[in-house]
Amino acid sequence: MKIADSKYAVVVAVAKRARVLSEQAKNDENYRLSSMVTKALDEIVSGKIVVNFDGCNMSKGA
């Protein structure tokens with residue numbers, strides 16, 4: 001599966017998405033950063049989030 005042109009872009013995109021998810025779930029009593037990283041990875045692999053290499057931008061997929 002081709003997600004992005006470089007592994008670096010994927011890592012940066014996962015980190016950015018995990019940060020957004022963690023900010024949204026801050027007040028949740030079951031909050032765990034590792035679960036946010038897992039969710040971010042799942043979203044990228046499933047195509048919900050698309051990684052664009054130009055500046056490591058992310059956009060919602062179809």
Side-chain angles (χ1 to χ4, degrees):
M1 177 182 228
K2 188 77 172 165
I3 296 173
D5 292 337
S6 75
K7 293 176 187 176
Y8 174 77
V10 175
V11 170
V12 171
V14 169
K16 285 183 177 183
R17 181 61 181 156
R19 180 172 293 198
V20 169
L21 291 171
S22 68
E23 288 294 320
Q24 293 172 352
K26 252 184 178 178
N27 297 326
D28 186 11
E29 61 192 36
N30 297 325
Y31 166 78
R32 286 184 28 211
L33 183 58
S34 62
S35 64
M36 298 301 130
V37 173
T38 302
K39 185 173 181 179
L41 280 168
D42 288 342
E43 288 180 352
I44 289 174
V45 170
S46 70
K48 287 183 179 179
I49 301 294
V50 178
V51 179
N52 297 323
F53 189 65
D54 57 330
C56 293
N57 294 322
M58 296 182 303
S59 60
K60 297 255 181 187

Is there a path of hydrophobic side-chain contacts, each under 4.5 Å between heavy atoms of I, L, V, M, F, W or Y residues, that connects Met36 with Val11?
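No, Met36 and Val11 fall in different hydrophobic clusters.
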Closest non-hydrogen atom pair between Val51 and Ala9, with its separation
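Closest approach of Val51 to Ala9: CG1-O, 3.9 Å.
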Could you tell me which non-hydrogen atom of Ala40 sits nearest to which non-hydrogen atom of Ala18, and how far apart they are?
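Shortest heavy-atom separation between Ala40 and Ala18 comes out as CB-N, 3.8 Å.
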Here's a test for you: under side chain to side chain contact (heavy atoms under 4.5 Å, CB included), which of Ile44, Val20, Val14 qualifies with Ile49?
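So, applying the side chain to side chain contact (heavy atoms under 4.5 Å, CB included) to Ile49 and each of Ile44, Val20, Val14, only Ile44 qualifies.
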